[in-house]
Amino acid sequence: METVDLLVVGGGINGTGIARDAAGRGLSVLLVEQDDLASHTSSASTKLIHGGLRYLEYGELRLVREALIERERLWGMAPHIIWPLRFVLPQTHSPRPAWQVRAGLWLYDHLGGRKRLPATQTVSLADTPFGAGLADRDGRGFVYSDCWVEDSRLVVLNARDAADRGATICTRTQLLSAEREGEGWRAQLRDAAGGSRQVAARALVNAAGPWVGAVRARSGSASADRGVRLVKGSHIVVPRLYDGDHALMLQNADRRIVFAIPYEGRFTLVGTTDVPWQAAPGPAAIDAAETRYLLDTIARYFARRVGERDIVWSYAGIRPLYDDHSANASAVTRDYRLDLDAGEGRAPLLSVYGGKITTYRRLAEQALHDLAPLLGNRAPAWTAGAVLPGGDLPDRDIAGLVASLVAQAPDVPEALLRRLARAYGTLAMRILAHGLGGDLGGGLCTGEVDYLVAREWARTAEDVLWRRSKLGLHVPAGTEARLAAYLAAGTRDLLP
């Protein structure tokens with residue numbers, strides 16, 4: 001029977017982050033995910049690496065400070081999939097007085113040791129490009145900094161780095177049960193083909209997100225002092241609402257916040273909602289009330305009229321928040337809690353509650369800190385300065401990388417090379433060296449698909465078009481069918 005130091009259940013951002021940190025400390029790690037990597041909450045975010053400006057209103061100073069520190073740190077770790085973004089906060093329709101907003105932004109600028117991101121400035125919406133597209137350009141707005149992230153790619157890169165350091169990553173593999181056996185765990189696993197196997201582990205990490213309670217139940221453990229609160233967040237994607245590379249933070253009369261963010265060149269991403277989820281965890285979709293709420297927000301702020309027929313894509317995810325018993329779903333803390341169930345002669349179970357994508361690295365570091373004494377591992381924390389695969393760009397220079405790719409492959413369209421650089425960083429050179437192969441549609445080539453299967457655990461057309469990329473928004477009709485056929489036929493063996 002296979003034996004590992006750490007069995008991690010859950011292939012979202014927290015699970016892959018913990019697996020990476022543990023593997024880098026020399027621990028043997030097996031991560032299992034019942035679906036694809038980032039197939040649920042971690043691919044359904046607002047795609048931001050941010051401190052969470054609105055959390056200041058709820059007194060979450062520790063969380064905001066930690067997230068702000070992590071913001072620039074993560075940008076340095078993965079500058080190909082994380083980059084700065086300026087946010088415009090119009091005071092039109094604001095339920096908060098301007099002095100309160102400006103005071104919050106001053107604190108936001110200074111709380112987390114900002115180094116490279118620009119500070120907040122006050123602008124005239126009428127006299128600057130920051131008011132472009134707004135229905136009401138009278139008055140002023142505030143412009144502040146945060147970062148953008150390709151969220152599902154961040155998950156995959158953490159898994160890739162974990163595997164490169166010795167971890168085993170098993171997608172489409174379900175934990176059926178786990179029981180303590182002496183000072184360790186015996187777990188029963190089942191893969192997509194229906195095959196089952198047993199593994200032994202010294203410690204079990206429950207990073208199953210919305211399924212954290214179900215995994216606890218399968219491990220024979222109950223929690224009296226920790227709970228998860230499920231909140232659905234939904235987004236819509238519409239044709240571009242305004243010119244410019246900035247995002248907007250829109251304040252509604254109910255004091256909730258909606259972001260409008262440039263997305264995939266031709267679109268604007270609008271979200272999110274906060275709706276209590278009462279059912280069992282599972283696939284989520286936007287409902288009619290959420291759609292109307294987001295469209296009403298667009299109508300309130302933008303000159304361009306859009307309706308349901310203009311929505312080109314929508315997505316929803318269930319956030320597994322730590323239950324702090326807030327009455328309002330929007331006010332539930334985004335902080336995380338780690339619940340360690342261990343004792344003399346009792347195998348450790350670490351369950352993860354809550355958290356946000358920006359603080360995943362710090363969460364993983366804390367998890368290993370809590371487990372280290374129980375595993376006899378004294379290796380120091382190491383992830384703070386370690387780049388993720390493809391992120392080794394001198395001075396975070398994506399334009400320089402694109403120039404290098406153009407020199408390497410002068411016959412390939414520059415737009416395609418720019419997309420590859422943004423998706424894979426310096427590893428794009430590896431894909432080009434392998435050869436792009438035939439075009440399945442919209443610039444998706446068989447060589448890239450080979451890479452995604454061999455190195456990024458992609459198995460289906462959905463994995464490729466919606467999680468490893470967002471090419472689903474761009475490729476022509478027929479691409480998905482050609483891709484599915486190519487995957488079914490078996491891709492070329494690219495790399496071990």
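Proximity of Arg172 to Asp35: side-chain heavy atoms (C-beta onward) are nowhere separated by under 4.5 Å. Between Arg255 and Arg54, every side-chain heavy-atom pair lies at or beyond the 4.5 Å cut-off. Cys147 is listed as a side-chain neighbour of Leu117, based on a closest heavy-atom distance under 4.5 Å. By the 4.5 Å heavy-atom criterion applied to side chains, Thr479 and Leu471 are not counted as neighbours. With a 4.5 Å cut-off on side-chain heavy atoms, Glu66 and Ile69 do not count as touching. The shortest side-chain heavy-atom distance between Arg229 and Tyr353 does not fall under the 4.5 Å cut-off. Side chains of Leu487 and Asp463 form no contact here, defined as non-hydrogen atoms less than 4.5 Å apart. Here the side chains of Leu444 and Leu483 are in contact, with some heavy-atom distance below 4.5 Å.
Without hydrogens or angle criteria, Thr268 side chain to Leu241 main chain gives a donor-acceptor distance under 3.5 Å. Arg305 places a side-chain N or O within donor-acceptor distance of the main-chain N or O of Ala299, the cut-off being under 3.5 Å. Side-chain N or O atoms of Arg137 include one that pairs as donor or acceptor with a backbone N or O of Gly131 at under 3.5 Å. Distance alone, capped at 3.5 Å, is enough to place a donor-acceptor pair between the Glu72 side chain and the Arg116 backbone. Under the 3.5 Å distance criterion, the side-chain polar atoms of Asp161 are left unmatched by any main-chain donor or acceptor of Leu388. Remark: side-chain polar atoms of Asn158 are paired, donor with acceptor, to backbone N or O of Leu154 under 3.5 angstrom. Panel note: side chain Arg140, backbone Ser124; no donor-acceptor pair is recorded below 3.5 Å. A donor-acceptor pair is defined here as one N or O able to donate and one able to accept, closer than 3.5 Å; no such pair exists between the side chain of His235 and the backbone of Gly317. At distances below 3.5 Å, at least one donor-acceptor pair connects side-chain atoms of Asp109 with backbone N or O atoms of Thr120. The main-chain N or O of Ile286 is never found under 3.5 Å from a side-chain atom of Lys232 such that the two would form a donor-acceptor pair.
There is a side-chain donor-acceptor pair under 3.5 Å between Asp151 and Ser45. Between the side chains of Asp146 and Tyr108, at least one donor-acceptor pair of N or O atoms lies under 3.5 Å. A donor-acceptor contact under 3.5 angstrom links the side chains of Gln121 and Arg86, judged on distance only. Side-chain atoms of Thr383 and Arg20 include no donor-acceptor pair closer than 3.5 Å. Counting only N and O atoms by type, the side chains of Asn252 and Tyr301 include no donor and acceptor under 3.5 Å apart. Side-chain atoms of Thr272 and Arg319 include a donor-acceptor pair closer than 3.5 Å. Side chains of Ser94 and Gln251: a donor on one and an acceptor on the other come within 3.5 Å.
Note that CG of Leu53 and CG of Leu111 are 11.0 Å apart. Values are rounded to the nearest 0.5 Å. Rounded to the nearest 0.5 angstrom, Leu363 CG and Leu368 CG are separated by 10.5 Å. Distance check: Asp36 CG to His40 NE2 gives 9.0 Å after rounding to the nearest 0.5 Å. We find the CD-CG distance between Gln34 and Leu175 to be 9.5 Å, quoted to the nearest 0.5 Å. With rounding to the nearest 0.5 angstrom, the CZ atom of Arg300 is 9.5 Å from the CG atom of Leu250. For the atom pair CG (Leu37) and CG (Leu31), the distance works out to 7.5 Å, reported to the nearest 0.5 Å.
Aromatic ring pairs are classed by plane angle as parallel below 30°, tilted from 30° to 60° and perpendicular above 60°; the pair Phe302 and Tyr242 is parallel. In this pair, Tyr263 and Trp313 present their aromatic rings parallel. The plane angle is below 30°, not in the 30 to 60° band.
Figure legend: Arg256 and Tyr293 shown as a cation-pi pair, the cationic atom lying under 6.0 angstrom from the six-membered ring centre and within 45 degrees of its axis. With a 6.0 Å cutoff to the six-membered ring centre and a 45° limit on the axis angle, Arg467 does not count as a cation-pi contact of Trp457. A cation-pi arrangement is present between Lys47 and Tyr315 under the rule of less than 6.0 angstrom and at most 45 degrees off the ring axis.
We find that Lys356 and Glu70 are not joined by a salt bridge, their nearest charged nitrogen and carboxylate oxygen being 4.0 Å or further apart.
Among all heavy-atom pairs drawn from His246 and Phe130, the shortest one is NE2-O, 3.7 Å. The two residues Trp148 and Thr46 come nearest to each other via the heavy atoms CZ3-O, 4.0 Å. Considering all non-hydrogen atoms of both residues, Pro90 and Leu125 come closest at CB-CD1, 4.0 Å. In plain terms, the two heavy atoms of Ile398 and Ala421 that are nearest each other are CD1-O, 3.7 Å. In this structure, Asp339 and Arg216 approach most closely via the heavy-atom pair OD2-NH1, 2.6 Å. Closest of all the heavy-atom pairs between Thr16 and Val155 is OG1-O, 3.7 Å.
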Exercise for the section: Please report the C-alpha distance between Asp450 and Tyr486 in whole Å, then the side-chain angles of each, then the deciding distance to 0.1 Å, and finally whether the side chain to side chain contact (heavy atoms under 4.5 Å, CB included) criterion is met. Expected result: CA-CA 10 Å; Asp450 295 343; Tyr486 183 76; 2.7 Å; yes
Problem - His80/Leu157 under side chain to side chain contact (heavy atoms under 4.5 Å, CB included): CA gap, chis, key distance, verdict - result: CA-CA 11 Å; His80 51 316; Leu157 293 185; 3.5 Å; yes
Practice task
Dump the intermediate steps for side chain to side chain contact (heavy atoms under 4.5 Å, CB included) on Val149 and Trp75, then the final yes or no.
Solution key: CA-CA 9 Å; Val149 64; Trp75 175 25; over 6 Å; no
Problem - Candidate pair Arg455 and Asp164, rule salt bridge (charged side-chain N to carboxylate O under 4.0 Å, His left out), full reasoning - result: CA-CA 10 Å; Arg455 299 290 290 176; Asp164 289 344; 3.3 Å; yes
Exercise for the section: Dump the intermediate steps for side-chain hydrogen bond (donor to acceptor under 3.5 Å, both in side chains) on Asn14 and Tyr336, then the final yes or no. Expected result: CA-CA 10 Å; Asn14 291 330; Tyr336 56 84; over 6 Å; no
Practice task
For side chain to side chain contact (heavy atoms under 4.5 Å, CB included), just list the numbers for Ser152 and Lys470, CA-CA rounded to whole Å, side-chain angles, deciding distance to a tenth of an Å, and then say yes or no.
Solution key: CA-CA 10 Å; Ser152 53; Lys470 291 297 179 286; 3.8 Å; yes
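When the options Val212, Asn206, Ile18, Val228 are evaluated for a side-chain contact (heavy atoms from CB on, under 4.5 Å) with Val352, the one that passes is Ile18.
More than 12 heavy atoms of other residues, nucleotides or ligands shown are found within 6.0 angstrom of CZ on Arg304. Annotation: His369, atom NE2; neighbour count of heavy atoms from other residues, nucleotides and ligands within 6.0 Å does not exceed 12.
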